[in-house]
Amino acid sequence: MSVLDIPALSLVVLVGASGSGKSTFAREHFGAYETLSSDVFRGLVAGDESDQSATPAAFDALQYVAGKRLDAGLLTVIDATSVQPEARRRLIDLAKAHDVLPVAIVFDLPESTNLARNAERTDRLIPPGVVKRQSDQLRRSLRHLTKEGFRKVHVLRSPDEVAAVRIERTRLLTDRTDEHGPFDAIGDVHGCASELQTLLGELGYEIERDERGRAVDARHPEGRRVIFLGDLVDRGPDVVGVLRLAMGMVASGSALAVPGNHEAKLVRALRGARVTPTHGLAETLAQLADETEEFRERVATFCYDLVSHLVLDDGRLVVAHAGLKEQYQGRASGRVRAFALYGETTGETDEFGLPVRYPWAEDYRGSAVVLYGHTPVPRVEWINNTACLDTGCVFGGALSAMRYPEREVVSVPAERVWYEPVRPLVAEAPERAAGVLQLADVRGKVVVETATIGRVSITEQQMAGGLETMSRWATDPRWLTYLPPTMSPPATSAREGFLEHPDEAFAAFRDHGVTDVICEEKHMGSRAVVLVARDPARFGAPDGWRGVIHTRTGRAFFAPDVEGAMLARLDDALERAGVWAELDADWVLLDGEIVPWSAKAGDLIRDLFASVGAAGSAATTAASAVLERALASGIDVQGLADRMRVRGDDVERFRDAYRRYVDTADAVRFAPFQVLAAGDATFETRDHGWHLSVADRLAEAAPDLVIRTRRLRIDLADADAVAEAAAWWEQLTAEGGEGMVVKPFAGLTRTKKGLVQPGIKVRGREYLRIVYGPDYTVPENLARLRDRDVGRKRSLAAREYALGLEALRRVTTGEPLWRVHEAVFGVLALESEPLDPRL
């Protein structure tokens, strides 16, 4: 059995005359959707697979589909004869355009075999002359396939060889996604061996030396590994010392490395090519001349074998000497290697005669962190999830490393200026305002990758709806780190006279296998997210800024002076309650309710509910008076009078319901129920007991500002506990409360059925009059309202919950503003999804 190794991402071209068995081979070794057959595409465009006149159109369609598959990173197999150089050239160009490797599997079977098989075909007839011509074209092409551009060529010369083949899909050399670190990426060393050893010591590595005292390896006691970002050589005082140490670390597994443009040039020089020994190459060659031929060959082999870039940590980290655009990551082509080594230039030169490099990082929108060097900068700065670590050590700057995933920069200063730079050591990227967002980020269909449920798709229409709200009313995006998800009600209650009841909420959690739940009092207020910050610079805010308080749609909750005063009081409460010390952070994000409801909804209560209540009361009172006079005069209108009396009672209950949530401005309080994030940590996996204990401490520290949330933890397997919880809900709502929220006690919860709802709200019978109207409890109205699409609401709640958690993860790990805003904006955009707002 022979093994054909095929790169996992490649364009595989089956080359052979008709009858050589290509289609059968493809069916046996590749997936149904991986193979694109020219015969099938002729059938698609012309209705007849044998219609040769349709070949040009068929190949246009085939190449279009192949391009889309390669864009998506999918292996693609072309099943066509491909015996003509022009046909192969188009396919090789297609592979190059999508930066994948072209691979040829050649079926060089005897012509007699091909003719015999074609004679046995019943689906269509291929004239023998065509088969002979194809066989002749194939033989004349064989020795040219590699020169044409195929990176691998596998030739099968007999039916037995074809039958004995086994396909082995091999990962690209750049694919190191199974290596998760932690890593310490080091920028351009350029022969600064002493500074490299000092930096390794600062990073915690223990340097190993040979019998002559030379550094030959370095290991970290905690198993961390170094990633050298290229340009180990040239310009510096001890290139040999750097190479000996770096090569030893790579050989022992203590380090990974990618090539720099200086290594690429050094390889050419060591292999005998004519190169101009500038930019420090002459000094490197002079230092290597004092070493043995064996060492020089080791250096040449080491540098030659380095691959253009590495994709690590399940695709979350990409390293390349000059950086790498998203479209090139994990791909293989000359264009990808050139970008990884040299970057991209504008075609212009600056006042120093050096090429002007295109600032690709300014436009980067990939999810992977990209660490690179190549262009010296005075300090390491994050730009759109990318960071340049070349801080110009050889030019008198510093040698810098980035701890990953911690994103901590460690630098040591250069011992001296070892090489005078042509251009002063300044940042090459143009200045830009902090936190700039682009309109393109929030236009069209967007797919946000979340760690909780994977991809969340947001339609163009939803994005447009979110943009309307965000651009006109939302608070500054730098401070808008989270928007809470919508909350689903339970399924319609089976109990007579009830639209919602705890029974259905409990059943929903039981159905997911969750029995440990907590029932929290639902304060009748307005959802609010509170960011309390002690370091304004962390959020790009002016001095004296304390944070923000915003609504669930991102709007400022209070006027600036009221907001500032409330944040100052909360800051003090956090201090006195010991929360700042416990969280060890200088900012905290809280989720809760601002009460009373009238603090935010005063206009709504006055203009809508109060006017409806007043009109209803006036109408039913007047109508009842008329009906009473009619009854007194002997007219039989008793049934109508009874119904009017019921309507009058319902209107009064409606007025009582909304009046409970009206109070004065000095009565404003905050009822926190969850600590969302603080510093570099998120808390969605902390149980709700912990979250509410923090809220209790704040309420104790500032009882005039913070309200405690009553709660009841129950075991759904305990019938008595369930009955107690239902009775508690009835008591809360009878007292005028809105209801309660049932949550998995553990916080973020997944089961075999997927993500569990973070909370289900169960509203009281009287409170629902505000939502559905005064007479919603009339039997015929209640029957109509029972038909509610709760399933879509739950789906929306889960998606928004995942986006919210993703925003928190991104802000706490220091991702750029556009990445945080992408997830926050997604929550707001989904809110424009057409659902019954009463749910």
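- Rounding to the nearest 0.5 Å places CZ of R478 at 8.5 Å from CG of L817.
- Here the shortest heavy-atom pairing between R225 and L256 reads NH1-CD2, 3.9 Å.
- In this structure, R337 CZ and H309 NE2 are separated by 11.5 Å, a value rounded to the nearest 0.5 Å.
- One distance of note links CD1 of I186 with CG of L200; it measures 5.0 Å at 0.5 Å rounding.
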(request) Go through T450 and T452 one step at a time and tell me if the side-chain hydrogen bond (donor to acceptor under 3.5 Å, both in side chains) criterion holds. (result) CA-CA 5 Å; T450 72; T452 306; 5.1 Å; no
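- Within the 3.5 Å criterion, the main-chain N or O of L270 finds no donor-acceptor partner in the side chain of R296.
- One finds a salt bridge joining R171 and D178 here, because a Lys/Arg side-chain nitrogen approaches an Asp/Glu carboxylate oxygen to under 4.0 Å.
- By the neighbour-count criterion of 12 heavy atoms within 6.0 Å, atom CG of D680 is sparsely surrounded, having that number or fewer from other residues, nucleotides or ligands.
- Using a 4.0 Å cut-off between a side-chain N of Lys or Arg and a carboxylate O of Asp or Glu, R810 and E806 qualify as a salt bridge.
- A salt bridge does not link R538 with D586: every distance from a Lys NZ or Arg NE/NH1/NH2 to an Asp or Glu carboxylate oxygen is 4.0 Å or more.
- D217 and S252 form a side-chain donor-acceptor contact under 3.5 Å, judged by distance and modelled atom types alone.
- For the atom pair CG (L531) and CG (L567), the distance works out to 8.0 Å, reported to the nearest 0.5 Å.
- In this structure, P542 and P536 approach most closely via the heavy-atom pair O-CB, 3.3 Å.
- A cation-pi arrangement, defined by a distance under 6.0 Å to the six-membered ring centre and an angle within 45 degrees of its axis, is present between R244 and F295.
- Between the side chains of E684 and T682, at least one donor-acceptor pair of N or O atoms lies under 3.5 Å.
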(request) For side-chain hydrogen bond (donor to acceptor under 3.5 Å, both in side chains), just list the numbers for W418 and E195, CA-CA rounded to whole Å, side-chain angles, deciding distance to a tenth of an Å, and then say yes or no. (result) CA-CA 12 Å; W418 298 106; E195 288 90 339; 2.9 Å; yes
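- T177 and D175 share a donor-acceptor pair across their side chains, judged by distance under 3.5 Å alone.
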(request) Apply side-chain hydrogen bond (donor to acceptor under 3.5 Å, both in side chains) to the pair D71 and H98, showing each step before the final yes or no. (result) CA-CA 7 Å; D71 274 342; H98 295 276; 2.9 Å; yes
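- The number of heavy-atom neighbours closer than 6.0 Å to CZ of R403, taken from other residues, nucleotides and ligands shown, is above 12.
- Electrostatic pairing of R298 and E291 does not count as a salt bridge here, judged by no charged N lying under 4.0 Å from a carboxylate O.
- Remark: R169 CZ is packed, more than 12 non-hydrogen atoms of other residues, nucleotides or ligands lying under 6.0 Å away.
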(message) Let's go through Y372 and W360 carefully: what are the C-alpha distance in whole Å and the side-chain angles of both, what is the deciding distance for ring-ring contact (aromatic ring centres under 6.0 Å, His included) to 0.1 Å, and is it a yes or a no?
(response) CA-CA 12 Å; Y372 62 102; W360 63 273; 5.1 Å; yes
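- E326 and S367 make their closest contact through OE2-N, 4.4 Å (heavy atoms, listed as atom of the first residue, atom of the second, distance).
- Contact check on D210 versus R212 returns no salt bridge, with no Lys/Arg side-chain nitrogen under 4.0 Å from an Asp/Glu carboxylate oxygen.
- A salt bridge is defined here as a Lys NZ or Arg NE, NH1 or NH2 lying under 4.0 Å from an Asp or Glu carboxylate O, and K325 with E344 meets this definition.
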(request) Applying side chain to side chain contact (heavy atoms under 4.5 Å, CB included), run through R316 and V369 and close with a yes or a no. (result) CA-CA 6 Å; R316 288 187 283 266; V369 170; over 6 Å; no
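- Here the shortest heavy-atom pairing between A322 and Y342 reads CB-C, 3.8 Å.
- In this structure, Y328 and R335 have side chains that are in contact, with non-hydrogen atoms separated by less than 4.5 Å.
- Here CG of L101 is found 6.0 Å from CG of L172. Values are rounded to the nearest 0.5 Å.
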(message) Determine whether L306 and F228 satisfy the following criterion, side chain to side chain contact (heavy atoms under 4.5 Å, CB included), listing intermediate values before the conclusion.
(response) CA-CA 11 Å; L306 297 175; F228 291 108; over 6 Å; no
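- Using modelled atom types and a 3.5 Å distance limit, the side chains of H374 and N261 yield a donor-acceptor pair.
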(message) Checking V233 against L243 for the side chain to side chain contact (heavy atoms under 4.5 Å, CB included) test, could you report, in this order, the C-alpha distance in whole Å, the side-chain angles of both residues, the deciding distance, and whether it holds?
(response) CA-CA 8 Å; V233 304; L243 286 170; 3.7 Å; yes
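- V824 approaches A807 most closely through the heavy-atom pair CG2-CB, 3.6 Å.
- Among all heavy-atom pairs drawn from H279 and D234, the shortest one is O-CB, 3.6 Å.
- Judged by distance alone, the side chains of N385 and W818 never bring a donor and an acceptor atom under 3.5 Å apart.
- Residues R271 and E297 are paired through a salt bridge, judged by an N-O separation under 4.0 Å between the basic side chain and the carboxylate.
- Interatomic distance, CG of L199 versus CG of L203, reported as 4.5 Å (0.5 Å rounding).
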